[in-house]
Visitor: 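I have a structure here, written as structure tokens, and I will follow up with some questions on it.
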Amino acid sequence: MIHMKISGGIKDIVKAVGTRLIPGLFFISALTTLIISEAVNFHMNAYEISVNETTNSHLRASVKALAGLISAEDLDRFHTIEDTDDPYYQEIREQLIRFAEEYDVLYAYYWRDYGDGMLQYIADNDTDPETQVGLESFYEIEKVALDALAGNIGVTDLGTYTPTWDGLLTGYAPVFDNDGNISCVAGVDISDEFIIRRRESARQMTILQITAIPIAIIFGILNVLLYRRKARQIEEANNKLQYFNNNLRHAFSTYLSEDVVEEIVSDPTRLHLGGEKRYMTALFTDIRGFSTIAEALSPEYLVELLNYYLSTMSDIILEQKGTIDKYEGDAIVSFFGAPLVLPDHALRACLAAIMMKRIEADVNSYIKKNDLSPSPLFTRMGINSGDMVVGNMGTQKKMNYTIVSNAVNLAARLEGVNKQYGTWILASENTINAAQGRLLSRRLDRIRVMGIQEPVRIHEILETEDNAPADLLEKVHLFHNAHDFFETRRWEESLETFNQLLARFPDDEPSLLYARRCRRFIEFSPPDGWDGVFNFDEK
């Protein structure tokens with residue numbers, strides 16, 4: 001009897017506890033799932049924001065690069081459908097096709113403000129004739145494009161876009177002409193399919209909150225596992241991004257321009273460690289007679305002078321997106337076309353050299369005013385374009401981002417060849433051709449330098465075509481006439497023309513050199529087998 005009472009009491013207790021425990025477990029399971037799904041949803045939203053930010057950075061970096069790809073002056077050549085017959089128009093389209101592939105964008109294009117709220121497309125990379133736009137295409141200017149016309153980089157609102165628009169995300173950047181005016185606008189489009197998928201995942205997590213209660217524990221576990229997997233992927237991506245942000249800026253800021261560093265950080269996949277072969281341009285500089293100047297200065301004044309000179313000249317190189325390889329005393333070794341690909345690397349190297357010569361007067365004025373040097377500083381430069389191997393070279397403990405090849409050696413030799421001609425900037429014919437007629441230069445000899453057996457035609461760079469004064473254009477015209485006579489062995493006619501040039505420009509060193517040669521060849525003609533190549537055995 002007592003046993004039955006005890007047993008009955010235990011059953012009552014179990015029944016009472018069970019009646020309370022089951023709803024409690026159900027409530028706890030539901031609450032746990034809600035908390036887990038809310039956490040998952042929060043991190044999915046954070047992941048979506050991360051995707052948006054990455055997409056925004058990619059849009060801004062790619063459209064900024066496109067704005068500098070083709071000059072405003074070149075784009076201004078095309079206004080009517082008849083202008084598309086110009087072969088250069090097709091070349092621009094091909095450049096846009098290559099650009100879109102390199103920067104992983106769907107469309108790359110240019111348009112200009114046509115007035116009355118309308119825009120005119122100039123060219124794009126689309127190869128489908130049915131969807132391709134060009135000078136015959138006019139549309140209303142969208143709101144997001146107004147930022148570009150105001151001088152800013154504009155990006156479509158990634159937070160509100162849906163696939164109903166057209167499945168594209170767009171970035172716009174202004175293209176400035178040489179006077180600093182907005183000539184036209186560069187635009188890039190990328191697909192937003194990836195972001196839409198991520199948003200769909202986030203919405204699915206919201207539905208999960210409502211439906212998960214009946215199967216709380218199972219879905220809770222699955223959500224935790226899915227979240228942990230996604231969290232690991234996000235953490236790995238964030239760790240890589242943090243590494244590049246923290247280390248690339250430090251590693252490259254000393255020899256790359258700030259905008260180049262930012263472009264690398266925004267898209268680190270463009271940076272390849274190790275050596276790779278590229279067609280690039282090397283620029284070597286050296287100060288004339290610097291050893292004599294250095295001997296006259298104390299170490300303290302010498303360091304102060306070098307720091308001022310190297311900083312001033314390096315800033316010009318960096319402004320043209322060049323990379324500083326190294327400093328060798330007063331000499332600067334630099335290159336253009338890495339780590340970022342620059343289609344106009346040859347022109348940028350030549351512009352840097354021209355700007356360094358332009359600023360020499362100001363540099364020497366500062367040096368004289370502050371008594372930094374017993375004599376002015378005059379810089380000689382050698383430039384060559386060709387295949388080069390570029391990358392981090394050395395050992396694991398000591399690496400240098402540098403360039404090597406015969407093309408690099410030739411640039412260094414051309415800097416020294418300036419002494420023979422009394423010139424300041426010498427470039428190879430490869431570089432002159434790659435500059436596409438934007439420079440005023442004069443043709444000199446075919447030469448063979450020490451260590452390189454293949455002869456190369458050299459040119460003296462004097463100015464840009466747009467900024468050349470009339471007397472400089474006259475000098476180049478007379479010089480080329482005289483030089484044509486020289487290369488066809490008409491020594492008397494060549495000497496007569498050089499004398500006419502010297503009567504107008506008596507201090508022109510290359511003309512003095514050729515006049516001396518003409519007088520020597522008139523008296524002692526070179527042998528019939530002479531190939532016209534001048535050999536230089538000194539560095």
Side-chain angles (χ1 to χ4, degrees), residues 283-289 316 347 349-365 368 375-383 414-429 431-433 435 437-447 456-523 526 532-534 536:
L283 168 62
F284 282 70
T285 77
D286 195 35
I287 298 175
R288 182 185 71 179
I316 294 175
L347 178 61
C350 296
L351 290 177
I354 291 171
M355 291 176 184
M356 281 190 268
K357 294 307 293 183
R358 286 179 185 171
I359 205 173
E360 259 186 0
D362 293 336
V363 169
N364 285 317
S365 176
K368 183 177 180 180
S375 57
L377 305 185
F378 298 103
T379 305
R380 297 189 181 104
M381 287 165 267
I383 310 173
L414 292 184
E415 181 278 314
V417 172
N418 279 293
K419 303 174 189 176
Q420 309 297 326
Y421 291 87
T423 53
W424 299 111
I425 308 174
L426 284 182
S428 67
E429 195 152 69
T431 299
I432 297 299
N433 291 338
R438 300 283 296 276
L439 307 172
L440 178 65
S441 63
R442 55 177 164 180
R443 182 180 67 257
L444 299 176
D445 293 321
R446 293 173 61 240
I447 67 170
V456 60
R457 171 76 71 181
I458 60 173
H459 297 250
E460 180 190 12
I461 296 176
L462 300 168
E463 246 301 347
T464 61
E465 279 282 359
D466 295 340
N467 294 314
D471 60 340
L472 192 57
L473 293 171
E474 179 188 359
K475 179 196 287 189
V476 172
H477 176 72
L478 286 172
F479 185 91
H480 282 160
N481 287 342
H483 192 265
D484 289 340
F485 289 135
F486 183 87
E487 293 211 323
T488 54
R489 300 192 175 209
R490 296 155 70 178
W491 315 121
E492 290 86 357
E493 293 168 275
S494 179
L495 178 59
E496 181 181 351
T497 311
F498 276 121
N499 284 336
Q500 293 175 12
L501 189 152
L502 288 168
R504 180 80 171 80
F505 307 97
D507 298 324
D508 187 50
E509 291 287 342
S511 297
L512 291 169
L513 170 65
Y514 277 97
R516 290 194 298 270
R517 286 179 178 176
C518 287
R519 286 190 287 269
R520 185 170 72 250
F521 288 158
I522 290 172
E523 186 174 357
V533 176
F534 290 87
F536 296 100

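Sequence positions, counted from 1, serve as the residue numbers for this chain. Side chains are part of it too, since the values below use all heavy atoms of this structure and drop only hydrogens, waters and symmetry mates. Being a predicted model, the structure only gives us computed values, none of them experimental.
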Visitor: Of all heavy-atom pairs between G437 and E465, which one has the smallest distance, and what is that distance?
Guide: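 In this case the closest contact between G437 and E465 is O-CG, 3.5 Å.
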
Visitor: Can you confirm whether L414 sits close enough to S428 that some side-chain heavy atom of one is under 4.5 Å from a side-chain heavy atom of the other?
Guide: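 The answer is yes, as the side chains (C-beta and beyond) meet within the 4.5 Å cut-off.
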
Visitor: What distance do L377 atom CG and R288 atom CZ have between them, rounded to the nearest 0.5 Å?
Guide: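 Answer rounded to 0.5 Å: 10.0 Å.
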
Visitor: Residues two or more places apart in sequence or in another chain: which of them pass side chain to side chain contact (heavy atoms under 4.5 Å, CB included) with P506?
Guide: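 Partners of P506 by the side chain to side chain contact (heavy atoms under 4.5 Å, CB included) criterion come out as none, since no residue qualifies.
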
Visitor: With no hydrogens and no angle check, is any side-chain donor or acceptor of E360 less than 3.5 Å from a backbone partner on T379?
Guide: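 Checking the backbone N and O of T379 against the side chain of E360, a donor-acceptor pair under 3.5 Å is found.
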
Visitor: What are the two closest non-hydrogen atoms of S441 and V476, and how far apart are they?
Guide: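 The answer is O-CG1, 3.7 Å.
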
Visitor: To the nearest 0.5 Å, how far apart are CZ in F536 and CD in Q420?
Guide: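 The CD atom of Q420 is 5.0 Å from CZ of F536, to the nearest 0.5 Å.
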
Visitor: Is there side-chain contact between T431 and C350, with at least one heavy-atom pair below 4.5 Å?
Guide: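 Yes - at least one pair of side-chain heavy atoms lies under 4.5 Å apart.
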
Visitor: Distance check, rounded to the nearest 0.5 Å: I458 atom CD1 versus I383 atom CD1?
Guide: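 Answer rounded to 0.5 Å: 12.5 Å.
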
Visitor: Would you please name every residue forming a ring-ring contact (aromatic ring centres under 6.0 Å, His included) with F505, sequence neighbours left out?
Guide: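 F505 satisfies ring-ring contact (aromatic ring centres under 6.0 Å, His included) with no residue once adjacent residues are dropped.
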
Visitor: How far apart are the closest heavy atoms of S511 and F479, and which atoms are they?
Guide: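 Nearest pair, atom of S511 first, then F479: OG-CD1, 3.5 Å.
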
Visitor: Check for me whether R517 meets the cation-pi criterion with F534, that is, NZ or CZ under 6.0 Å from the six-membered ring centre and within 45 degrees of the ring axis.
Guide: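 Yes; both conditions hold, so R517 lies above the ring face of F534.
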
Visitor: Compare every heavy atom of M356 with every heavy atom of L283, then report the nearest pair and how far apart it is.
Guide: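 Nearest heavy atoms, L283 then M356: CD2-CE, 3.7 Å.
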
Visitor: Got a salt bridge between R442 and E460, using NZ or NE/NH1/NH2 to carboxylate O under 4.0 Å?
Guide: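 Looking at E460 together with R442, the answer is yes, because their closest N to O distance falls below 4.0 Å.
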
Visitor: Between I316 and A352, what is the shortest heavy-atom contact and its length?
Guide: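 Heavy atoms of I316 and A352 come nearest at CG2-O, 3.6 Å.
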
Visitor: Please round to the nearest 0.5 Å and tell me the distance separating atom CG of N364 and atom NZ of K368.
Guide: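 Rounded to the nearest 0.5 Å, the CG-NZ separation comes out at 10.0 Å.
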
Visitor: Where the side chain of T497 meets the backbone of E493, is there a donor-acceptor pair that is under 3.5 Å apart?
Guide: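 Side chain of T497 to backbone of E493: a pair is present.
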
Visitor: Checking N467 against T464: is there a side-chain donor and acceptor pair closer than 3.5 Å?
Guide: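 Present: a donor and an acceptor within the cut-off.
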
Visitor: What are the two closest heavy atoms between A427 and I461, and how far apart are they?
Guide: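 Shortest heavy-atom separation between A427 and I461 comes out as CB-CD1, 3.7 Å.
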
Visitor: Do K475 and R504 touch side chain to side chain, with heavy atoms closer than 4.5 Å?
Guide: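 No, every pair of side-chain atoms sits at 4.5 Å or beyond.
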
Visitor: Less than 4.5 Å apart, any side-chain heavy atom of E496 and any of C518?
Guide: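 E496 does not reach C518 side chain to side chain.
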
Visitor: Taking the side chain as every heavy atom from C-beta outward, state whether P526 and W491 have any pair of such atoms under 4.5 Å apart.
Guide: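 The answer is yes, as the side chains (C-beta and beyond) meet within the 4.5 Å cut-off.
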
Visitor: Can you tell me how far CG of L512 sits from OH of Y421, rounded to the nearest 0.5 angstrom?
Guide: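 If we round to the nearest 0.5 Å, Y421:OH and L512:CG are 14.5 Å apart.
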
Visitor: Could you tell me whether the side chain of N418 and the main chain of R380 form a donor-acceptor pair under 3.5 Å?
Guide: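 Absent.
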
Visitor: Within the 4.5 Å heavy-atom criterion, are F378 and I287 side-chain neighbours or not?
Guide: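 Not touching, per the 4.5 Å side-chain cut-off.
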
Visitor: Measuring only between side-chain heavy atoms, which start at C-beta, is E463 closer than 4.5 Å to I354?
Guide: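 Sidechains of I354 and E463: in contact.
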
Visitor: Under 3.5 Å, side-chain donor or acceptor atoms of residues 481-488 against the rest of the protein: list the pairs with distances, not counting sequence neighbours.
Guide:
from, atom 1, to, atom 2, distance (Å)
N481, ND2, H477, NE2, 3.4
H483, NE2, L444, O, 3.3
H483, NE2, Y514, OH, 3.3
D484, OD1, R443, NH2, 2.5
E487, OE1, R457, NH2, 3.2
E487, OE2, R457, NH1, 2.6
E487, OE2, R457, NH2, 3.4
T488, OG1, D484, O, 2.9
T488, OG1, F485, O, 3.0

Visitor: In the structure I gave you, are the side-chain heavy atoms of E492 and I522 within less than 4.5 Å of one another anywhere?
Guide: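 Yes, at least one pair of side-chain atoms sits under 4.5 Å.
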
Visitor: So how far is it from L426 CG to I447 CD1, rounded to the nearest 0.5 Å?
Guide: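 Here the rounded value is 7.5 Å.
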
Visitor: Decide side chain to side chain contact (heavy atoms under 4.5 Å, CB included) for L439 and L347; before the verdict, give the C-alpha distance in whole Å, the side-chain angles of both, and the deciding distance to 0.1 Å.
Guide: CA-CA 8 Å; L439 307 172; L347 178 61; 4.0 Å; yes

